[in-house]
Structures are given as structure tokens and as C-alpha cells.
Number of protein chains: 2
Amino acid sequence: MPPPEARPNARPVSARRARTRQRLLDAALEVFAEEGFGRSTVEQVCERAGFTRGAFYSNFTSLDELFLAMWERRSAHMLDDLRAVLADVAPDGPRAALHAALAAVPVDDAWYRVTAEFTAHALRHPALRRVMAAREQAILETIMPVVVAALSRAGRRVTDEEALGRALVAVHDGTSVQVLMEPDSASVRNQREQLFLHVLDAYSAPSEHAASPVPVTPEEPQ
Amino acid sequence: MPPPEARPNARPVSARRARTRQRLLDAALEVFAEEGFGRSTVEQVCERAGFTRGAFYSNFTSLDELFLAMWERRSAHMLDDLRAVLADVAPDGPRAALHAALAAVPVDDAWYRVTAEFTAHALRHPALRRVMAAREQAILETIMPVVVAALSRAGRRVTDEEALGRALVAVHDGTSVQVLMEPDSASVRNQREQLFLHVLDAYSAPSEHAASPVPVTPEEPQ
DNA sequence: TGTACTCGATACGTTCCTGTATCGAGAGGA
DNA sequence: TCCTCTCGATACAGGAACGTATCGAGTACA
């Protein structure tokens with residue numbers, strides 16, 4: 001076992017190579033978002049990144065491989081951001097925590113498009129599907145401790161952590177499309193937030209030591 | 001108003017032409033599901049349908065146009081099915097109605113992939129986005145009367161019809177991915193159903209004339 | 001049955017993209 | 001500073017898909 005190298009088969013990647021890969025991945029995100037993955041070409045990505053196709057084939061073997069690398073990097077970043085925000089902020093209640101979390105995971109048009117296509121892509125390729133399922137699991141493990149803690153502080157005990165986690169992810173995904181489809185509708189955004197609160201409420205019960213039941217959803221703006 | 005013709009600018013489509021279009025649309029659905037829209041070619045669709053490219057260009061001007069036509073036809077069919085099922089079945093309670101509805105809108109792998117890509121596609125093209133938003137509206141108008149009626153029979157009054165409708169659609173979309181990502185997990189399916197019931201509960205209140213509050217979610221299987 | 005016209009098949013030229021093989025600049029180590 | 005070897009640029013050949021122009025079978029209608 002070679003001592004310093006972290007991963008077994010990790011070649012010593014030069015700084016130069018790393019920079020090139022970075023720029024290619026960044027360019028790919030933009031191109032995929034604009035053109036769609038299937039309609040994108042190696043040339044488009046290279047042109048956007050300021051390289052020739054030679055650089056591409058020296059770093060990746062196919063667009064598929066690049067697509068996976070790009071998606072993994074970007075979604076890992078988002079997960080880190082989310083983790084950081086949720087760790088720093090000490091929310092006073094579910095509502096505050098929700099706002100912090102929603103701010104950390106903004107509804108991003110371009111990223112949504114890419115993710116939607118990657119999902120479809122992954123559903124066709126079992127290996128990719130497993131990658132995505134693992135990421136989903138990581139998301140749950142990241143957000144749930146904080147969600148549970150925030151609800152606890154609000155006098156509510158989570159009954160089924162896994163179910164709540166999946167529900168939150170599903171609501172996030174499902175409502176994101178709606179917001180993007182009607183970007184100018186404030187009521188869609190409000191209803192999204194309300195739905196989150198309802199779900200938090202439904203999957204938690206008043207703590208024993210709480211004097212009186214404290215519902216998550218206090219007022220209902222309309 | 002011309003008596004038999006439904007639409008004003010509808011050319012007299014020959015039966016022959018209609019058949020050809022049908023077969024092309026059917027083939028397109030299959031090809032798009034397998035290859036992805038962006039990766040599909042006119043040739044693939046034609047080969048699958050048993051035509052040459054000449055037939056295609058005689059019926060459509062581009063793959064984009066075919067994609068739209070295919071999506072509209074298929075989603076209109078699904079909406080009709082849903083309407084029929086919901087109209088026929090006289091459910092005794094929310095749970096029964098939910099099962100009927102979920103049976104009418106099965107989680108279909110191939111169709112999900114196509115829809116996901118069409119959504120991404122539509123988000124890039126305002127005209128298509130409007131088409132999709134309109135369909136979404138139609139879905140709401142179809143399911144909501146029945147949902148309201150079923151809940152009413154269960155002694156519950158819907159407080160905000162629009163919000164409930166959007167919530168149901170969001171939950172459907174969001175949980176469908178989860179089911180497809182982990183097709184063998186029974187708990188994911190159960191949690192999906194539970195989430196639906198929770199949402200029905202959250203967006204309705206006990207009717208005045210009801211003797212005692214009747215929550216939608218009676219038992220909780222796990 | 002005859003005739004006109006629709007509509008799918010065939011053929012063509014063009015454009016775009018792919019993947020590889022080779023070369024040379026320059027980064028990195030001694 | 002010199003030397004080595006990595007890595008991106010360049011050039012090449014092949015192939016895939018596009019859109020159009022034209023033709024002829026067979027359909028529809030009188």
C-alpha cells in the first residue's frame with residue numbers, strides 16, 4: 001500500500017490537469033443547461049471552456065463520463081453548502097430553519113434542467129441510478145439531524161425520521177418544478193412554503209414535556 | 001361554425017395520413033424513452049415506425065414538433081383515463097379514492113423519463129412552458145372536484161382547493177422519482193402513500209356537521 | 001372505371017461531429 | 001539550467017444525420 005496517496009488507484013494529478021478538468025466541467029454545466037445533455041457536443045463544451053477537443057479526450061473518454069463527473073461535483077458542492085448553512089445557523093424554530101434551508105438550496109433554473117436530464121439518464125443506467133440513490137441518501141443524512149434538532153427546540157418530536165426526510169425531498173423536488181413553471185407567481189411560492197410546514201407538522205408530534213401542543217404552522221399567510 | 005369539424009383551421013386529414021402520424025407518435029414515445037429525446041434521431045423514429053424519413057418530413061417539420069405532439073397526445077390520454085376512473089369510482093373514503101387515483105396514474109418508468117426531459121425542454125422554451133402549465137391546470141381542474149367530494153363524504157371540508165391541488169401534484173411528482181430510484185423498496189411506496197394521506201389531512205378540516213373530527217389517516221402501517 | 005392528387009419512398013449533397021494519431025511547447029524535477 | 005515527459009493543439013479520415021427535390025404508387029372521388 002503506497003503511504004501518502006489517499007486512494008489506491010489515484011494517479012498523481014498535476015495541477016495543470018486539474019485546472020483543465022475544472023474548466024471543462026464548468027463549461028459543461030453551462031452547455032448542458034442551455035442545450036440539453038443529449039443535444040450537447042464535445043466541441044461545444046470545449047469551445048466554451050477555451051480548449052480544443054484534444055484537451056477533452058485527454059481528460060475524459062466520453063460525454064457521458066463528463067456528465068457524471070460534472071453532476072457529482074456540482075451536487076457534492078451543493079450538499080456541502082447546505083451542510084455549512086444548516087450547521088452555522090441556529091434557528092429559533094421550524095420556520096426560521098426552513099427559510100435558512102430554502103435559501104441554501106435555491107430553486108435554480110439551469111441546475112434543475114440538468115438534474116432532470118441526469119435523472120432520466122440515470123434511470124436508464126443502473127450504475128448511475130445507484131450513484132444517484134447514494135447521493136439522495138447523503139442528502140437525507142445531512143439534513144435530518146438539523147431538522148430533528150430544530151423541531152425539538154420547537155417542542156416537537158419527530159416520529160419517523162426516514163419518512164420525514166423522504167417527504168421533504170419529494171416536496172422540494174415536486175414544488176421546484178411548479179415554481180419554475182410559473183416563476184412570477186407569488187402564490188405558488190407561498191404554497192410551496194406552506195406545504196413544507198404542513199409536512200413538518202404531520203411528521204412530528206408534541207414532545208411529552210411540552211406544556212401544550214405547539215403546531216408548526218402558526219399563522220397562514222395568503 | 002362548421003357543423004361536424006371541431007376545430008376551425010383543421011384541414012381535412014385523410015385516414016391514411018392520420019394512421020401514419022399515429023404510428024410515428026407511438027414509435028417516438030418508445031424511442032425517446034429508450035434513447036432520450038436529445039439522443040434520438042429522425043431515422044430511429046422512422047425505422048421503429050416502419051417508415052422512411054420522407055414520411056416523417058411529410059408529417060412534421062422537426063423532431064421538436066413531433067416531441068410536442070407526442071407529449072400532448074399521451075398526457076391528454078392519461079388525463080382522460082384519470083377523469084374516467086375518478087368519475088366512475090364512488091369511493092367510500094379518501095383512502096379508497098387515493099388508491100383508485102394512484103392506480104389510474106401508475107408510476108411508469110418510460111413515461112417518467114420522457115416527461116422529465118420534456119419538462120427540461122419546456123423550461124428552455126417559453127411557448128412550451130405555457131403549454132405545460134396549461135396541462136397542469138387541466139389536471140388540477142380534473143382531480144379537484146373528485147378530491148373535494150371524496151373528502152366531503154369523509155366528513156372533511158377542503159380549506160384551500162388550489163393549494164391542495166398543487167400539493168398533490170407536487171407530492172406525486174416528487175415521490176414518483178423516489179419510487180423509480182428504488183423500485184424494490186416497499187417502504188418507499190408506503191411512505192409515498194402516507195405522504196398523500198397526510199397532505200389530504202393537512203389541507204382539510206372537519207366539517208361542522210361532523211360529530212367528531214375524522215382524521216384522514218386512520219391507522220399507520222409500517 | 002377513369003382521373004387527379006395526396007403522400008410516402010428514393011436519391012442527393014451538405015454539414016457537423018466523432019475518435020485517433022502525431023507533434024511540440026512548457027511544466028516540473030534534479 | 002537542463003532534461004524529461006506530460007498534456008493540450010493540430011490534422012485527418014470516416015460516418016452519421018439532416019433537409020430537400022423528385023418520383024411513382026395508390027387512394028379518393030366522380
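Sequence lines set the chain letters: A, B, ... in the order given, protein chains first and strands last, and positions in each chain run from 1.
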**Q** Return the value, rounded to whole Å, for the distance between atom CD of A:Glu47 and atom P of D:dT10.
**A**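 Atom-to-atom, A:Glu47 to D:dT10, this comes out as 14 Å.
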
**Q** Check B:Arg21 with B:Asp26, please: is the shortest side-chain N to carboxylate O separation under 4.0 Å?
**A**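 The answer is no: the pair does not qualify as a salt bridge.
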
**Q** Does the side chain of B:Arg39 reach to within under 4.5 Å of the side chain of A:Phe37, using non-hydrogen atoms?
**A**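 Touching, per the 4.5 Å side-chain cut-off.
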
**Q** Using 4.0 Å as the upper bound for N to carboxylate O, is an ion pair formed by B:Arg166 and B:Glu162?
**A**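 Result for this pair is yes, salt bridge flagged.
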
**Q** Would you say a side-chain N or O of A:Arg16 is under 4.0 Å from OP1 or OP2 of C:dA27?
**A**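 Negative; the distance criterion is not met.
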
**Q** Find the distance A:Phe51:CZ to D:dT10:P and express it as a whole number of Å.
**A** 13 Å

**Q** Please examine the side chains of B:Met132 and B:Trp71, heavy atoms only from C-beta on, and report whether any two atoms are closer than 4.5 Å.
**A** yes

**Q** Please report the distance, rounded to the nearest Å, between CZ in B:Arg17 and P in C:dC7.
**A**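 About 4 Å, once rounded to whole Å.
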
**Q** Do the side chains of B:Val105 and B:Trp111 get nearer than 4.5 Å, heavy atoms only?
**A** no

**Q** Closer than 4.0 Å, any side-chain N/O of B:Ser14 to the OP1 or OP2 of D:dA28?
**A**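 For B:Ser14, the contact criterion (side-chain N or O under 4.0 Å from OP1 or OP2 of D:dA28) is not met.
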
**Q** For B:Arg19 and B:Gly54, take the nucleotide of DNA chain D holding the closest heavy atom to each; which residue's nucleotide lies nearer the 5' end?
**A**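 Final value for this comparison: B:Gly54.
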
**Q** The side chain of A:Glu43 lies closest to which of these nucleotides: C:dC17, D:dC18, D:dG8?
**A**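 Among C:dC17, D:dC18, D:dG8, the one nearest the side chain of A:Glu43 is C:dC17.
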
**Q** Side chains of A:Ser40 and A:Gln44 only: does a donor on one sit below 3.5 Å from an acceptor on the other?
**A**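 Short answer, no.
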
**Q** Which is true for A:Thr41 with a 4.0 Å heavy-atom rule: it touches a base, it touches only sugar-phosphate, or it touches nothing?
**A**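 If one applies the 4.0 Å heavy-atom cut-off, A:Thr41 turns out to touch the sugar-phosphate alone, with no base involved.
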
**Q** Mind listing the residues from residues 55-67 of chain B sitting with a heavy atom below 4.0 Å of DNA chain D? Number order is fine.
**A** B:Tyr57

**Q** Quickly work out the A:Arg39 CZ to C:dT18 C1' distance and round it to whole Å.
**A** 17 Å

**Q** Roughly, in whole Å, what's the span from CZ in B:Arg53 to P in D:dT22?
**A** 17 Å

